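Heads up, the thing below is written out as structure tokens.
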There are 2 protein chains.
Amino acid sequence: MKEKATSFDIAHMAGVSQSTVSRALSNSPLVNKETRERIQQIARELNYKVDKNASNLRKQKSTTIALLLFEDPTSDDSMINPFFLSMLGSITRACANAGYDLLVSFQNLEDDWHAEFEDSNKADGIILLGYGDYLSYRTKLTQLEEQGTHFVRWGAHDEDHPGISIGCDNFQGGFDIANHLYNLGHRKFSFIGDADSHAPEFLARYTGFITALKKHGIPAQDISQVNAISTEDSGSEAMQFMLAENQFVDAIFCASDLIAIGVLRALRKTSLRIPEDIAVVGYDNIPVSAFTSPALTTVQQNTKKAGELLVETLLKAINKEDVADYLMPAELIIRQSCGSKK
Amino acid sequence: MKEKATSFDIAHMAGVSQSTVSRALSNSPLVNKETRERIQQIARELNYKVDKNASNLRKQKSTTIALLLFEDPTSDDSMINPFFLSMLGSITRACANAGYDLLVSFQNLEDDWHAEFEDSNKADGIILLGYGDYLSYRTKLTQLEEQGTHFVRWGAHDEDHPGISIGCDNFQGGFDIANHLYNLGHRKFSFIGDADSHAPEFLARYTGFITALKKHGIPAQDISQVNAISTEDSGSEAMQFMLAENQFVDAIFCASDLIAIGVLRALRKTSLRIPEDIAVVGYDNIPVSAFTSPALTTVQQNTKKAGELLVETLLKAINKEDVADYLMPAELIIRQSCGSKK
DNA sequence: CTGAAAGCGCTTACAG
DNA sequence: CTGAAAGCGCTTACAG
């Protein structure tokens, strides 16, 4: 293993000063073209690359973005929610395109939030991504903001939340689902998923859902709601609970596709046919949702766009440009699980 | 936005030297307990965190691992292969558990390999992950090795490849699939997927497949093979090609689940029934494979274990411990797409 | 147990 | 266009 070359080594070989090497390698026009090319040639031969730690330390910026994935501590340890995995892919790509590196770290919400502050020293900004108990990390956002850390989070728009958020219009998504189901003739509804301020995204879907149904004359108290976090198992348990309680409905709106898949699993053990006896709708449009039987009607959140937007917005914030919350439109994906003819 | 505090600020506040602050914050036993606690208390109040760039520069290590995802340039730009996404999740977790940060970067194989060398300055080691043209990056591995960079790659074991590789026993996987299909009564076979040294993993699956069939008296020349890269579209095209050429077989072994899903899609447009008229088998056991109709028989690669192994092995290499290639066993996942009774 | 000092490898004003 | 020098914020021998 060779010793790693430094800019001094190159300076020595090229017969110039180290300052000149540094300039040449950053393509500074201040350096004579021939000198520059000679230096770059030597650097290439030596496989020399600028030491990022030294360079970042000196420049006081890192050209790195940190992605903080946090999850409900109860969720399956071995798997990440496919929706966030998809976001991760998209964010990775967007960072690469912008010439930024991406530092990924995991976070259980139980942990203390040391990691963020750690990250804030290695990255120019942070992207926060995850379902999880919103209230429990709200104060942390405030701390981040006070600290002057640039961050953008994926999630529900909230009047006076700290920092910037990019999210999907969950209210609209729930609203559209309700109208779609109502127009197909369904009249008795249930919502499966947590629906309180700890899970503001689910709550917004729920609120959109009941708001639309109210317009059709169906009051909220006629719509049953069963708690569930975003996992298959949780969805399956919720459905089993409803069956055990003899709660029968025409249509179930699940707060996420994973929940819906769990619900389908539980229903398969019964004689109920989907969608003839009961319609099931999900949310997220994860890849699997197109392959369940029947294929899930769901709401698409454009993860590609979302990732790009998160990165773009964060970079603007880092550059002290003005940034604002952004709500992406939700798109209804109609498949077979709700009894549509389509 | 406050100015970021430094160890000097804390030293000033605590009335000690900056050296002592540094020691206290790294929990050095050299510092008086009370002094240490006082300093840590102040640091906490200030939300002070050690500057990683400075610390790394001084220590000459980064406690960071870089993950290099490379992909076939032809694959769909908007999506990462779900198998690698799953690996990414597992690697992220394993890094977090080991106290390492993970730097993720993308790479098109067309790019020149600057990025690796970049990364090698920001990370203590590199994990290489991806399908793609193996031959085209082989020389790069040699360069990395010469440079003294620690790296581990996911992929096919190869007698004299540079560096360490962790992989799944693709030969065994193909072998088991062949036996399974043969025992179910299938006699006329096809393999869909690239099967040359550019794609050594696919090749090993193919080799295992034909080796097992040869033992059953079916010579390699009786087994058709159609090229495809690991995407749905490529699988669908390959199947359409076979249909157009009137190549009819009992059973198709697809080099990946994505290919198999494309094959199913193409077959749905015909009158052929799966598995009655034709069996289809995939590879990878991606989440979707359990939900296709019929559900895909496939080969599982344990991504959780694989991620842990990759990280663990790389850390050992970084610590100059002896490391060796490792081949994980492949596990047959039997579902409905091959006509098994199970 | 503590402090003064060197130095990690760069970038960039400053001077020419 | 080029060089000498300062300094980014730490860690760690060295000296006491």
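All values derive from a computational prediction rather than experimental measurement. Below, chain A is the first sequence line, B the second, and so on; all start at residue 1.
- Not one side-chain nitrogen or oxygen of Gln60(B) sits closer than 4.0 Å to the OP1 or OP2 atom of dG7(C).
- Between the C1' atom of dC10(D) and the NZ atom of Lys52(B) lies a distance of 12 Å, rounded to the nearest Å.
- Of the two residues contacting DNA chain C, namely Pro29(B) and Leu57(B), the nearest-nucleotide position lying further toward the 5' end is that of Pro29(B).
- Atom NZ in Lys61(A) sits about 18 Å away from atom P in dC10(C), given to the nearest Å.
- Residues passing the side-chain contact (heavy atoms from CB on, under 4.5 Å) test with Gln18(A) are Ser7(A), Phe8(A), Ala11(A), Ser22(A), sequence neighbours excluded.
- With salt bridges taken as basic N to acidic carboxylate O contacts below 4.0 Å, one links Lys304(A) and Glu308(A).
- With a 4.5 Å cut-off on side-chain heavy atoms, Ile10(A) and Tyr48(A) count as touching.
- In this structure, the side chains of Leu310(A) and Met87(A) come closer than 4.5 Å at one or more pairs of heavy atoms.
- A donor-acceptor contact shorter than 3.5 Å links the side chain of Asn32(B) to the backbone of Glu34(B).
- Spacing of C1' atoms, dG16(C) relative to dT12(C), comes out at 16 Å, to the nearest Å.
- Asp124(A) places no side-chain N or O within donor-acceptor distance of the main-chain N or O of Ile65(A), the cut-off being under 3.5 Å.
- Ion pairing between Glu37(A) and Lys33(A) holds under the 4.0 Å rule for side-chain N and carboxylate O.
- Nearest-nucleotide assignment on DNA chain C puts the 5′-proximal partner with Thr35(B), out of Ala54(A) and Thr35(B).
- Separating the CD1 atom of Ile10(A) from the P atom of dC10(C) is a distance of 8 Å, rounded to the nearest angstrom.
- Rounded to whole angstrom, the span from the CZ atom of Phe8(B) across to the P atom of dC10(D) amounts to 8 Å.
- The interatomic distance linking Asp51(A) (CG) with dG7(C) (C1') rounds to 13 Å, in whole Å.
- Ser17(B) has a side-chain polar atom (N or O) that falls below the 4.0 Å cut-off from OP1 or OP2 of dG3(C).
- The distance from atom CG of Asn32(A) to atom C1' of dC1(D) is 7 Å, rounded to the nearest whole Å.
- Here the side chain of Val50(A) is nearest to one of dC10(D), dT2(D), dC10(C), namely dC10(C).
- Between Tyr48(B) and dC10(D) there is a side-chain N or O to OP1 or OP2 distance below 4.0 Å.
- When the P atom is compared between dC10(C) and dC14(C), the two are found 23 Å apart, to the nearest whole Å.
- When rounded to the nearest whole Å, the span between CG of Asn56(A) and P of dC8(C) equals 18 Å.
- Here dC1(D) presents its C1' atom at 12 Å from CD1 of Ile39(A), a figure rounded to the nearest Å.
- Of the side-chain N and O atoms in Ser55(B), none sit less than 4.0 angstrom from OP1 or OP2 of dG9(D).
- dG16(C) is paired with dC1(D) under the Watson-Crick or G-U wobble criterion, all donor-acceptor distances under 3.5 Å.
- Put simply, the side chain of Ile127(B) does not reach to within 4.5 Å of the side chain of Leu102(B), judged on heavy atoms.
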Sort me out a list of protein N/O and nucleotides 12-16 of chain D N/O pairs below 3.5 Å, or just none if empty.
residue	atom	partner	partner atom	Å
dT12(D)	O4'	Arg58(B)	NH2	3.1
dA13(D)	N6	Arg23(B)	NH2	2.8

